[in-house]
Amino acid sequence: MSLTIAALIGSITIFVLAIYLGFELISKVPATLHTPLMSGANAISGITVVGALLASNVAFNSGSPGIAAWLGFTALVLATINCVGGFMVTNRMLEMIAGKRRKKEVS
Amino acid sequence: MSLTIAALIGSITIFVLAIYLGFELISKVPATLHTPLMSGANAISGITVVGALLASNVAFNSGSPGIAAWLGFTALVLATINCVGGFMVTNRMLEMIAGKRRKKEVS
Amino acid sequence: MVDPIIFDIGYLLSAALFITGIKKLGSPRTAPYGNQLGSAGMLLAVITTLVKMQVGNGIIGWELLVGGLVLGSVIGAWLAVKVEMTGMPELVALFNGFGGAASALVALSEVLARIKTGEVPTDMLNLWAIWIAIGLSGLVGWITLTGSLVAMFKLKGGFTIPLTKKWVRFPTWGPPWLNFVKVGLLIASFAFVVMTVREPENALWVWALVGSSCLLGVLFVLPIGGADMPVVVSLLNSLSGVAAAFTGFVINNNVLIIAGSMVGAAGLVLTFIMCKAMNRQLIDVLFKSFGGSDKETVTRTKVGSDPEEVAMMCDGISTCIIIPGYGMAVSQCQHAVKEFADLMEERDVEVKYAIHPVAGRMPGHMNVLLAEANVPYEQLIEMDEINSEFAECDLAVVIGANDTTNPAARSGEGPLGGMPILDVDKARSIVIIKRSLSVGYAGVDNDLFFMDKTMMLFGDGKAMMSALNTAIKEY
Amino acid sequence: MVDPIIFDIGYLLSAALFITGIKKLGSPRTAPYGNQLGSAGMLLAVITTLVKMQVGNGIIGWELLVGGLVLGSVIGAWLAVKVEMTGMPELVALFNGFGGAASALVALSEVLARIKTGEVPTDMLNLWAIWIAIGLSGLVGWITLTGSLVAMFKLKGGFTIPLTKKWVRFPTWGPPWLNFVKVGLLIASFAFVVMTVREPENALWVWALVGSSCLLGVLFVLPIGGADMPVVVSLLNSLSGVAAAFTGFVINNNVLIIAGSMVGAAGLVLTFIMCKAMNRQLIDVLFKSFGGSDKETVTRTKVGSDPEEVAMMCDGISTCIIIPGYGMAVSQCQHAVKEFADLMEERDVEVKYAIHPVAGRMPGHMNVLLAEANVPYEQLIEMDEINSEFAECDLAVVIGANDTTNPAARSGEGPLGGMPILDVDKARSIVIIKRSLSVGYAGVDNDLFFMDKTMMLFGDGKAMMSALNTAIKEY
Ligand SMILES: NC(=O)c1ccc[n+]([C@@H]2O[C@H](COP(=O)([O-])OP(=O)(O)OC[C@H]3O[C@@H](n4cnc5c(N)ncnc54)[C@H](OP(=O)(O)O)[C@@H]3O)[C@@H](O)[C@H]2O)c1
Ligand SMILES: NC(=O)c1ccc[n+]([C@@H]2O[C@H](COP(=O)([O-])OP(=O)(O)OC[C@H]3O[C@@H](n4cnc5c(N)ncnc54)[C@H](OP(=O)(O)O)[C@@H]3O)[C@@H](O)[C@H]2O)c1
């Protein structure tokens with residue numbers, strides 16, 4: 001798990017590019033979509049679930065699952081709630097806004 | 001100059017992100033700016049001048065500057081023409097379009 | 001040699017899904033698809049991680065990992081399904097807090113495990129890079145957690161004290177000097193981050209950081225009025241993305257970095273967009289308190305009308321504008337409202353809905369509710385467009401809206417000062433349905449109620465609307 | 001340990017400058033600033049590279065490197081300064097070709113040097129990654145070079161054969177079967193790339209690739225009519241970006257990857273935007289030839305007028321629309337046109353300019369020229385806006401425009417079919433200044449010339465405009 005300087009620079013480059021991209025992605029959003037967009041983005045920030053998986057596994061693998069392991073497990077549960085709940089609640093909101101509209105367009 | 005798999009993946013990630021970013025950056029451009037934008041972007045693609053510098057130096061450093069070295073040198077000249085000429089010609093076009101307009105705004 | 005590439009491709013693909021997902025979420029037609037893309041990306045990332053761990057050192061606690069995932073999914077799904085439309089903003093805030101907490105916990109777990117097993121990096125580069133990433137991830141993560149929790153309670157308006165079942169209004173408190181405390185705490189937190197790097201074996205600094213950043217989150221949101229909560233939640237959402245990105249640096253994983261920093265940036269943009277829609281400056285939102293203060297005592301009075309009287313009013317008009325507000329959301333009377341509109345249309349009245357951008361408690365709140373009640377999209381008119389029509393409108397029916405119609409906003413002073421409002425007072429006659437003369441979110445008295453052309457229908461939105469509909473049918 | 005980080009920060013900063021530069025280039029107010037940011041990024045990247053090389057293994061051929069940079073700068077600056085406004089599109093195409101060639105040459109130099117010194121990678125990963133990057137960089141780079149050169153000559157319209165001084169029109173030739181040849185060549189080129197990887201020591205495949213891709217570039221542009229060249233140049237610009245990105249993989253440098261792929265993507269977007277402005281589908285542009293074909297022989301005739309007659313016409317009108325076209329650019333008569341407009345305005349005539357999006361030979365051509373002549377920006381009206389005003393216009397003065405005014409486009413057939421045009425034929429009277437009755441770029445006869453209300457002023461644009469101005473002053 002040792003870091004090389006090249007890898008660090010690569011990560012920082014990716015960080016900067018993704019920030020630029022984030023700024024560009026969203027330009028004009030109608031008020032109706034503010035909350036769904038916020039909640040969808042929030043669900044995506046639950047990607048930390050990947051970190052939680054790694055952290056709890058590393059901690060449990062290390063033999064003596066102390067406080068670190070259980071912190072990792074808590075993180076896992078919270079992150080999963082964030083993702084799953086977030087995507088579902090976003091979906092519910094969108095069903096009502098966009099779902100109806102789509103139906104109208106078809107008919 | 002050996003490549004690790006992590007570095008390659010990092011580069012590919014950067015490649016993909018930059019492509020996304022490129023697509024997002026430009027959305028609506030007034031016709032007046034089509035040519036300057038094209039020519040400005042073209043000048044930026046002259047960034048290959050960095051590659052040309054490295055290539056010609058490596059080739060000359062290798063002791064016997066054969067065909068590879070002179071190819072690198074040619075690349076260097078062409079890339080520099082592309083950058084310098086490109087930025088200057090873009091500037092000339094913009095001076096006429098935007099420069100005039102700015103002057104008007106001030107007065 | 002081929003295996004590791006597959007995992008990286010998996011991560012790259014999931015990052016691409018996130019990017020496309022966020023992009024599509026920004027436009028009405030593609031938003032549901034965008035959300036699906038996002039969740040597909042998440043699933044892919046989780047599966048990739050599980051397989052990678054199994055292929056790597058092997059997973060020891062399969063039951064635990066899967067258990068955690070299942071437990072989280074069940075809780076998340078349950079919360080998402082059972083919440084009512086009015087409770088959505090609170091839930092989003094809660095989820096957001098969980099996300100921040102998870103990032104902070106991963107960082108904490110990592111640093112404690114490393115200290116315990118003595119895996120503290122010895123070379124400068126690794127120490128600085130990893131320890132700073134851990135510190136920042138914790139700092140931002142804990143702020144997100146406690147800030148989001150406070151925001152959630154503020155959105156709810158308060159909480160019941162356990163056992164006593166007493167409802168307590170959540171306080172909004174922020175004297176000017178608090179801003180100095182906040183700055184001081186922020187500096188202290190950064191100092192703690194630096195200290196963790198200088199004494200990497202000492203867990204004390206880590207815990208100090210946890211404490212200071214948790215406190216910071218609370219103090220950050222405490223002075224902000226409930227009306228500004230959506231903006232704050234959006235900002236906290238941006239922070240939770242940043243926390244995830246820092247966690248990505250801790251565990252050296254690109255997909256966290258990409259998704260996290262993208263959400264961070266996009267969330268910030270959204271925050272500004274929302275500020276603009278609410279006609280507020282971000283800096284004012286964060287450092288000047290607004291609304292949610294103690295309600296003014298109502299001194300004036302107005303005699304209420306009854307549904308029959310209003311039904312009579314409704315006869316013979318030709319244009320009617322319906323102005324829904326937070327009260328419609330609370331009493332869930334959108335279906336009754338739609339029925340009222342249908343009754344009016346049967347009588348050849350032209351019906352439109354005036355949608356204020358911040359009516360209700362979340363942006364787009366009214367659109368969501370009315371869409372649920374099958375109101376045709378074309379009848380929902382945005383503020384800017386409909387304001388010119390009030391002068392030609394025979395009857396304006398205000399259902400549980402208050403601040404968004406309050407002419408006091410035009411004066412430019414007070415908590416509502418400068419907020420654009422619906423020009424309901426220009427209508428030929430006005431009916432207002434609410435339970436009392438009491439104030440709305442911003443806590444400002446509303447002259448509209450006391451105008452001669454205004455009839456007040458006091459009562460719960462749903463009950464009153466039904467009564468009105470019955471009265472119209474019988475008239 | 002600190003040193004290498006500085007270089008990487010330099011590269012990262014220059015990438016950020018490129019990104020911001022491209023973004024700013026897309027909006028009129030910020031475009032000049034965007035261009036400066038881009039050039040600052042380039043300067044930073046070059047300096048970073050030079051310092052890094054010196055600090056690293058040391059630079060042996062300083063004179064050569066600096067010499068190359070200076071030589072390139074001088075040539076580039078000279079070309080940029082001496083070109084006339086009308087020649088800009090050609091110059092951009094030429095520069096673009098140089099950029100592609102540079103990428104291809106770097107790749108070629110790298111592969112030849114490695115073969116010569118025996119530094120061919122032995123492990124699969126390096127071999128595949130580097131050799132494929134080299135192959136693709138060459139493939140795309142050579143296509144860009146030869147394609148851009150052909151495009152340049154097409155934009156010029158032709159070339160003088162050396163020694164004989166004979167002007168030859170550049171041919172446009174592309175029977176349907178040529179598309180199959182192109183596909184075949186493309187497949188062959190990819191096969192050569194694969195072969196370079198399979199026999200990495202064998203330079204033969206490299207040269208085969210050079211040949212096939214050069215040919216491909218020529219055949220790709222040869223069938224495309226001159227009128228579509230701007231789109232093609234934009235597409236080639238995108239390709240030159242892609243070539244630079246592949247070169248980035250070859251020399252393992254992120255700034256090349258970022259700048260290159262960003263230009264690649266942005267160029268593609270711009271290509272589509274331009275297609276849309278010219279009302280063409282990209283696929284039609286690339287695979288169906290259009291315009292630039294042999295000119296039709298003119299059979300009808302029309303008697304020309306003289307400036308005095310037109311000066312008389314100009315007296316007593318109250319609205320005048322000026323329609324500039326390619327002929328104004330060729331004869332450089334924009335100042336005379338502005339003088340004409342001033343004369344009209346002195347006589348209380350309202351003057352406007354009708355700007356067709358593809359008038360001239362590059363988008364925005366007319367705006368640039370008229371801005372040079374100090375025409376106020378508000379008087380330049382876009383096609384969609386001004387078309388409704390022709391019916392109320394007393395006099396339309398067409399100066400060297402043809403296709404953009406040709407009513408034949410409305411029929412939907414022929415090379416002009418479907419192109420939106422300026423409704424000049426609706427004006428009450430029309431004056432057209434051009435040298436003859438001959439056709440414009442698309443090679444279609446123009447009924448406008450033969451209408452009764454049309455007066456033709458035959459002659460060079462500048463000469464004719466000056467004569468007209470004198471006549472008006474003397475009238
Ligand atoms: N949309 C957003 O993003 C957002 C988010 C947070 C805050 N805000 C703020 O919230 C406010 C929204 O304005 P608004 O006009 O929609 O609402 P409001 O000003 O908050 O007023 C809502 C009114 O509904 C009435 N009401 C409550 N429950 C009811 C029930 N069951 N039946 C009938 N009436 C009921 C209340 O009066 P009674 O108590 O007399 O019944 C109250 O005066 C603005 O100040 C806005 O800035 C907006
Ligand atoms: N803007 C772009 O991006 C772009 C790029 C490439 C091609 N195109 C195409 O170019 C065409 C542009 O239309 P347009 O109406 O501007 O031009 P056009 O249709 O090409 O016609 C220009 C006319 O100017 C006359 N002319 C040439 N030299 C002259 C001189 N010295 N003095 C006076 N008149 C002169 C020519 O007639 P005489 O020979 O009789 O004098 C010619 O008919 C369109 O077909 C467009 O699709 C546009």
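Chain A is the first sequence line, chain B the second, and so forth, proteins listed ahead of strands; every chain is numbered from 1.
- Both the backbone and the side chain of V81(D) come within contact range of chain B, judged by heavy atoms closer than 4.5 Å.
- Taking CZ of F95(D) as the reference point, atom OG of S39(B) lies at 8.5 Å (rounded to 0.5 Å).
- Both the backbone and the side chain of I12(B) come within contact range of chain D, judged by heavy atoms closer than 4.5 Å.
- With hydrogens and angles left out, the side-chain atoms of S103(D) and T48(B) include a donor and acceptor closer than 3.5 Å.
- Here the CD1-NZ distance, from I26(B) to K23(D), works out to 9.5 Å after rounding to the nearest 0.5 Å.
- Using cut-offs of 30° and 60° for the angle between ring planes, the F246(D) and F15(B) rings count as tilted.
- Interface remark: of the candidates I22(D), L50(D), L25(D), L25(D) forms the most heavy-atom pairs closer than 4.5 Å to chain B.
- The two atoms that bring G68(D) and T80(B) nearest to each other are O-OG1, 4.2 Å, heavy atoms only.
- Two residues are said to be in side-chain contact when any heavy atoms from C-beta on lie closer than 4.5 Å; S56(B) and L65(D) meet this criterion.
- Between T35(B) and M88(D), every side-chain heavy-atom pair lies at or beyond the 4.5 Å cut-off.
- Contact tally against chain B (heavy-atom pairs below 4.5 Å) for N253(D), N237(D), V263(D): the top residue is N237(D).
- Ranking V92(D), V233(D), L43(D) against chain B, the residue ahead of the rest is V92(D), based on heavy-atom pairs under 4.5 Å.
- For S240(D), the parts lying near chain B are the backbone and the side chain together; criterion is any non-hydrogen pair under 4.5 Å.
- Using a 4.5 Å cut-off between heavy atoms, V49(B) touches chain D through its side chain atoms alone.
- Here N35(D) contributes atom CG and M93(B) contributes atom CE; the two are 9.5 Å apart, rounded to the nearest 0.5 Å.
- Most heavy-atom pairs under 4.5 Å with chain D: of the set I19(B), L25(B), N42(B), this distinction falls to N42(B).
- Proximity to chain B (any heavy atom under 4.5 Å) is restricted, for A245(D), to the side chain, taken from C-beta onward.
- Contact detail for M42(D) and G46(B): the closest heavy-atom pair is CE-C, 4.0 Å.
- Looking only at distances, a side-chain donor or acceptor of S109(D) sits under 3.5 Å from a matching main-chain atom of A68(B).
- In this structure, chain B has heavy atoms under 4.5 Å from both the backbone and the side chain of S261(D).
- Nearest heavy-atom pair across N82(B) and G99(D) is ND2-CA, 3.0 Å.
- Interface summary for chain B: among L112(D), L256(D), L71(D), T247(D), the most heavy-atom pairs under 4.5 angstrom belong to L256(D).
- Pairing each heavy atom of V83(D) with each of R92(B), the nearest pair is O-NH1, 2.7 Å.
- How far CD1 of I47(B) is from CZ of F18(D): 4.0 Å, rounded to the nearest 0.5 Å.
- How far CE of M262(D) is from OG of S45(B): 10.5 Å, rounded to the nearest 0.5 Å.
- Annotation for V84(B) and A77(D): closest pair CG1-N, 4.1 Å, computed over non-hydrogen atoms.
- Of all heavy-atom pairs between G38(D) and I44(B), the closest is CA-CD1, 4.4 Å.
- Per-residue counts of heavy-atom pairs under 4.5 Å with chain B were compared for N96(D), I75(D), I258(D), V74(D); the largest is that of N96(D).
- Contact count versus chain D (heavy atoms, under 4.5 Å) is highest, among G10(B), G40(B), G51(B), A79(B), for G51(B).
- Counting heavy atoms from C-beta outward, Y11(D) and V50(B) have side chains that approach closer than 4.5 Å.
- Of the inter-residue distances, the one linking L125(D) atom CG with L8(B) atom CG reads 6.0 Å to the nearest 0.5 angstrom.
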Starting from the C-alpha separation in whole Å, work towards a yes-or-no answer on side chain to side chain contact (heavy atoms under 4.5 Å, CB included) for W78(D) and I81(B).
CA-CA 10 Å; W78(D) 181 72; I81(B) 295 180; over 6 Å; no
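- Among L268(D), I19(D), V255(D), the residue with the largest count of heavy-atom pairs under 4.5 Å with chain B is I19(D).
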